There are 2 protein chains.
Amino acid sequence: MAAKIPSVWAREQRQPDQPALSRASIVREAITVLDAEGIEQLSMRKLGSRLNAGATSLYRHVATKEELLELAVDEVFGEMTVPDPGPDWRADVTAAALSFRATALRHPWLSSVLAQAGLAYLGPNLMAHSNRLAALFAAAGFADPDRGIYTVLGYVTGMSTTEAAWLTTVARSGATEAELVARLLPAARRAAAGYAHLSAASGDDETDPAEVRETKFRNGLEVVLNGLALTLTR
Amino acid sequence: MAAKIPSVWAREQRQPDQPALSRASIVREAITVLDAEGIEQLSMRKLGSRLNAGATSLYRHVATKEELLELAVDEVFGEMTVPDPGPDWRADVTAAALSFRATALRHPWLSSVLAQAGLAYLGPNLMAHSNRLAALFAAAGFADPDRGIYTVLGYVTGMSTTEAAWLTTVARSGATEAELVARLLPAARRAAAGYAHLSAASGDDETDPAEVRETKFRNGLEVVLNGLALTLTR
DNA sequence: TTGCACTTGCGTACAGCGTGCGCAGCTGCG
DNA sequence: CGCAGCTGCGCACGCTGTACGCAAGTGCAA
């Protein structure tokens, strides 16, 4: 009732009520939808109505859906932490790699977008992330820091992408990860039959699949870091 | 005029003329479109009319567009070669990695599909590829062949995905790779300014970008293989 | 105080998408 | 000869991204 009266009060109320549809709020809400429902469920109409706005209103703040995705990607890069260079470069790189992986698994759509559009983004968070990563390898004393960066980043993105895709499959199935593994096992065994070197492994359902994945990631990373260490002492 | 007469001849002519819309021919044509126009340009309607068929006719042979993409992925995995295990496991793995990369770059949509759907495919070509890869690491004498597989595969897929995404960007820009690099350089420099460890490198436009990419790929792979070699001698 | 430029949001509309459904015609078997 | 089953197609539904033009509100200039 009082709300209907147009007055200073109403206007003051309105500001905290509706953040006025800014670019930042759009990106934030987009990430929420992406995380909750996946990339193919994000539509401009749905996003608009979640912000109490029409679909086309969003286009005042964002040129295109693709640009919105770019902004979301850069935003998410801001969640990745890279430590300041310390005495143990391996620990630092490992921490950065794990943070990358954790972020990619928290936002499984990240990999899809990156795979389709590449890293020609140049957003501020992405640049800062690259810079901090470069600092790590430079401080460690590598003759060619670039090589360290792209080798580690290649491994990390590849591994994270595969994992994220799997998690997406799990999410879409509605089951837990362990359940889906169990359900797919017969088919996998059938498919692996006749191939001498494929096991479709593991009857021991003791170990948590998520733990297994993280161990795999760490093991592979260790291999990469060992390889890189060789280029240091030489 | 003669063509209008319904007869054995007409029917016999028809067979080589129209391969009758089989699953295989649909997948083949889909790959052609995907290669030529990219993943977001593939529509069931377009695919149908290219095969002289209505859009919905395809659904007699393929349950859904997503399934069609899975079939295309497996088909393309058939193009990847993995050598039989020889005396030099590093050479063998390198050859397999380069073939994977070459295939992924020839079909840049591959990475997008894999990133979205993961490797829960179990198609025959994919299984055969994995098996041959496993054979390589087993023959090399690794205690844990799996680790070699997923480490190398992680690096290779990550690197190839990034490259494929970049090539997609290049293709969409309409320019050559070198031109696009030159065009993006100012923006990249601007973005890199203020970051101590980022160069936005290279004024020497002498070297072919494609060659640079391949060298990077090989260098990183060398690092990974060096790391793996350490787990062998131990 | 008045007026004007500018920003912001919205409604409508268009072309295109994946695909469910039911009908028509051809093929091969009894 | 007739019928079952497979193949292809036209239509229709609900959805998509987004171009366009109008209305309302805002802040600065005169």
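The figures here come from the full heavy-atom set of this structure, side chains too, leaving out hydrogens, waters and symmetry mates. Reminder, nothing fancy here: chain letters follow the sequence lines and each chain counts from 1. What you see is a predicted model; the values in this text were computed from it and never measured.
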Quick one: which protein N/O atoms are closer than 3.5 Å to N/O atoms of nucleotides 11-15 of chain D? Pair and distance per line, please.
none

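Counted within 6.0 Å of CD on B:E40, heavy atoms from surrounding residues, nucleotides or ligands total more than 12; the atom is thus considered enclosed.
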request  = Please step through salt bridge (charged side-chain N to carboxylate O under 4.0 Å, His left out) for the pair B:R28 and B:E75, ending with a clear verdict.
outcome  = CA-CA 8 Å; B:R28 202 177 332 117; B:E75 186 73 19; over 6 Å; no

query = Could you walk me through whether A:E79 and A:R101 pass the salt bridge (charged side-chain N to carboxylate O under 4.0 Å, His left out) check?
reply = CA-CA 11 Å; A:E79 296 179 15; A:R101 170 175 179 267; over 6 Å; no

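When each of C:dT19, C:dT8, C:dC10 is scored by its nearest atom to the side-chain atoms of A:A53, the top-ranked nucleotide is C:dC10.
Atom CG of A:L58 is separated from atom C1' of C:dG9 by 10 Å (rounded to the nearest Å). As a whole-Å value, the separation of B:I39 CD1 from C:dC17 P is 15 Å. The CG atom of A:L47 sits 12 Å away from the P atom of D:dT18 (whole-angstrom rounding). Distance, A:Y59 OH to C:dT12 P: 18 Å, rounded to whole Å. A straight line from CD of B:E67 to P of C:dT19 spans 10 Å, rounded to a whole angstrom. Here C:dT19 presents its P atom at 8 Å from NZ of B:K65, a figure rounded to the nearest Å. Rounded to whole Å, atom P of D:dG8 lies 4 Å from atom CG of B:L21. Across the protein-nucleic acid pair, B:H61 atom NE2 and C:dT19 atom P stand 16 Å apart, rounded to whole Å.
Proximity of the aromatic rings of A:Y155 and A:F217 is defined here by a centroid distance below 6.0 angstrom, and this criterion is met.
Between B:K216 and B:E163, every side-chain heavy-atom pair lies at or beyond the 4.5 Å cut-off. Looking at heavy atoms from C-beta onward, A:W166 lies in side-chain contact with A:L180 at the 4.5 angstrom threshold.
Across all strands, A:L42 comes closer than 4.0 Å only to sugar-phosphate atoms, never to a base (heavy-atom distances).
Residue-to-nucleotide proximity on DNA chain C shows that, of B:K46 and B:R60, the 5′-proximal contact is made by B:K46.
In this structure, the side chain of A:T64 does not engage the main chain of A:E67 through any donor-acceptor pair within 3.5 Å.
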